[in-house]
Amino acid sequence: MATPSTQRKVASTAPRWLPANSQAVTVEVLTAGREDEVLAFLSARPSHTVFMMGMIRDNGLESSFNRGTFYACRDAAGQLQGVALIGHATLIEARTEAALQAFARIAQNCQRTHMIMGEMEKVETFWNYYAEGGRSPRLSCRELLFEQRWPVEVREAVRGLRRATLADLELVMPVQAEMALAESGVNPLEADPLGFRVRCARRIEQGRVWVLVENGRLVFKADVISDTAEVIYLEGIYVAAEERGKGYGLRCLSQLSRQLLARTKSVCLLVNELNKTAHSFYQKAGYKMAGLYDTIFLQH
């Protein structure tokens, strides 16, 4: 379900960890073979690291599909203090302010960053260091993390809900592009048409896109962006405008959530903080708020 982005000044907050100058850290590029160590670190907070964990499990640490480079931050004893993906989407999991500062310095030299996303306080602290390099936000929005666990209310089944096939690609792509444009202000069909098509097709081939198609029309869509044993992250949830308010979306999402929870501990998704209609929709489907996130889209 598409949600409008909101303009927001990125605020400064007092960090809840040791000051950056109190710790000596080093940063290194993560290469193939380090996956087990990194996944063990990220699995300490699976609801907040699900995107990176899923990407590593799908692609490994080194892959063009990551659209960026994974970095590790270590303390003087060699222990991991943070892991970050820096690239098209920049994501950070850090346990110290020193790690956030170190990652921000690396990210300042990445010119292809489209967005920075993460927990509110971490993104704010990261941005305070990152912006020292002269970068400015194009658009910022605050989002609520919603999560669902068992039990899930049983609703009337939707018989047509299924995994998409490549035959559905032409129905899925324009809807996904429209949602990306509404959220970020960038239409991927114009900015990167071939790459966008490849990514949409790959997600379908992975069995990650769920659809309800009736009479050649896409009625409902949901994308499994990251799939782990601990958490599954959903995105791109869409209900056709002419079908909203009829119960299709609620029944489809509830049914999909039940199926996914049969093999994971929780299902989560992000919703724009101003989209009260979406909040109500997800709450009716059994989702509960679990955190605050900030997404910052950068200047082209």
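- Under a 4.0 Å N-O distance rule, the pair D58/R202 does not qualify as a salt bridge.
- Between the side chains of Q81 and T96, no donor-acceptor pair is found at a separation under 3.5 Å.
- Relative ring orientation between Y130 and W127 is described as tilted, the plane-to-plane angle lying within the 30° to 60° band.
- Side-chain atoms of T264 come within 3.5 Å of backbone N or O of V231 as a donor-acceptor pair.
- The residues K246 and E214 are annotated as not salt-bridged, no charged nitrogen and carboxylate oxygen being separated by less than 4.0 angstrom.
- Taking CE from M55 and CG from L61, the interatomic distance works out to 11.0 Å, rounded to the nearest 0.5 Å.
- Between E243 and R251 no salt bridge is recorded (no basic side-chain N to carboxylate O distance below 4.0 Å).
- With hydrogens and angles ignored, the 3.5 Å screen pairs no side-chain donor or acceptor of S226 with any backbone N or O of I232.
- For the pair Y293/M120, no side-chain contact is recorded, criterion being any heavy-atom separation below 4.5 Å from C-beta on.
- The closest side-chain heavy-atom distance from V209 to Q176 is not below 4.5 Å.
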Task: Pair S43-E230, side chain to side chain donor-acceptor pair (under 3.5 Å): steps then yes or no - done: CA-CA 8 Å; S43 65; E230 297 85 7; 5.7 Å; no

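- To the nearest 0.5 Å, atom OH of residue Y248 and atom CG of residue L161 are 12.5 Å apart.
- By the criterion of side-chain heavy atoms lying less than 4.5 angstrom apart, applied directly or through intervening Ile, Leu, Val, Met, Phe, Trp or Tyr residues, L189 is not grouped with L181; the two fall into different hydrophobic clusters.
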TODO: Give the intermediate values and the outcome of side-chain contact (heavy atoms from CB on, under 4.5 Å) for residues R203 and V172.
DONE: CA-CA 11 Å; R203 193 174 295 162; V172 168; over 6 Å; no

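- Within the 4.5 Å cutoff, the side chain of E242 has heavy atoms near those of the R217 side chain.
- The pair E35-R57 does not count as a salt bridge, with every side-chain nitrogen at least 4.0 angstrom from each carboxylate oxygen.
- Under 3.5 Å, the side chains of E97 and Y129 contain a donor-acceptor pair of N or O atoms.
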TODO: Show your reasoning for whether side-chain contact (heavy atoms from CB on, under 4.5 Å) applies to L171 and V175.
DONE: CA-CA 7 Å; L171 291 176; V175 167; over 6 Å; no

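- A distance of 11.5 Å separates CD1 in I296 from OG1 in T113, rounded to the nearest 0.5 Å.
- Residue F65 is not grouped with residue M52 when hydrophobic side chains (ILVMFWY) are merged at heavy-atom distances under 4.5 angstrom, including chains of intermediate members.
- For the pair D168 and K221, the salt-bridge criterion is not met [side-chain N within less than 4.0 Å of a carboxylate O].
- Cluster membership for L166 and V198, using ILVMFWY side-chain heavy atoms within less than 4.5 angstrom, is not shared.
- Between L39 and M53 there is a side-chain heavy-atom pair separated by less than 4.5 Å.
- Residues L261 and V152 approach most closely at CD1-CG2, 3.3 Å, considering heavy atoms.
- Each of V83, L80, V50, T228 was scored for a side chain to side chain contact (heavy atoms under 4.5 Å, CB included) with L42, with one residue passing: V83.
- Between N272 atom CG and R142 atom CZ the span is 11.0 Å, to the nearest 0.5 Å.
- Nearest heavy-atom pair, A290 versus H48, reported as atom, atom and distance to 0.1 Å: O-CE1, 4.3 Å.
- Taking the side chain as every heavy atom from C-beta outward, E235 and L270 never approach each other to under 4.5 Å.
- Cluster annotation: L139 is connected to M115 through the hydrophobic network of ILVMFWY side chains, with a link wherever side-chain heavy atoms come within less than 4.5 Å.
- Linking ILVMFWY residues whenever their side-chain heavy atoms come closer than 4.5 Å, directly or via other members, places L253 and W150 in the same cluster.
- Two residues are said to be in side-chain contact when any heavy atoms from C-beta on lie closer than 4.5 Å; L234 and V224 meet this criterion.
- At least one donor-acceptor pair closer than 3.5 Å links the side chain of Q255 to the backbone N or O of V158.
- Across all their heavy atoms, F281 and L250 have their closest contact at CE1-N, 3.4 Å.
- Here the side chain of H88 pairs no donor or acceptor atom with the backbone of N66 at under 3.5 angstrom.
- More than 12 non-hydrogen atoms from other residues, nucleotides or ligands lie less than 6.0 angstrom from OH of Y71.
- With respect to E119 and R45, a salt bridge is recorded, a charged nitrogen being found less than 4.0 Å from a carboxylate O.
- Annotation: side chain of L298 is not in contact with side chain of R138 (no heavy-atom distance under 4.5 Å).
- The nearest pair of heavy atoms linking E93 to F103 is O-CE1, 4.5 Å.
- One distance of note links CD1 of I116 with CZ of F126; it measures 5.0 Å at 0.5 Å rounding.
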Open item on the list: side-chain contact (heavy atoms from CB on, under 4.5 Å) for K288 and F146? Distances and angles first, verdict last.
Closed with: CA-CA 5 Å; K288 298 180 180 179; F146 278 86; 5.7 Å; no

Open item on the list: Assess the residue pair R197 and M173 against the criterion (side-chain contact (heavy atoms from CB on, under 4.5 Å)); give the C-alpha distance rounded to whole Å, side-chain angles, the decisive distance to 0.1 Å, and a yes or no.
Closed with: CA-CA 7 Å; R197 186 181 190 87; M173 274 204 317; 2.9 Å; yes

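- Closest non-hydrogen pair, E153 versus S254, comes out as O-CB, 4.5 Å.
- A donor-acceptor contact closer than 3.5 angstrom links the side chains of S257 and Y287.
- Taken from CZ in R263 to CG in D227, the straight-line distance is 4.0 Å, to the nearest 0.5 Å.
- Side-chain atoms of V29 and F70, non-hydrogen and from C-beta on, never get closer than 4.5 Å to each other.
- Across all non-hydrogen atoms, the minimal contact from T69 to R112 is OG1-NH2, 4.4 Å.
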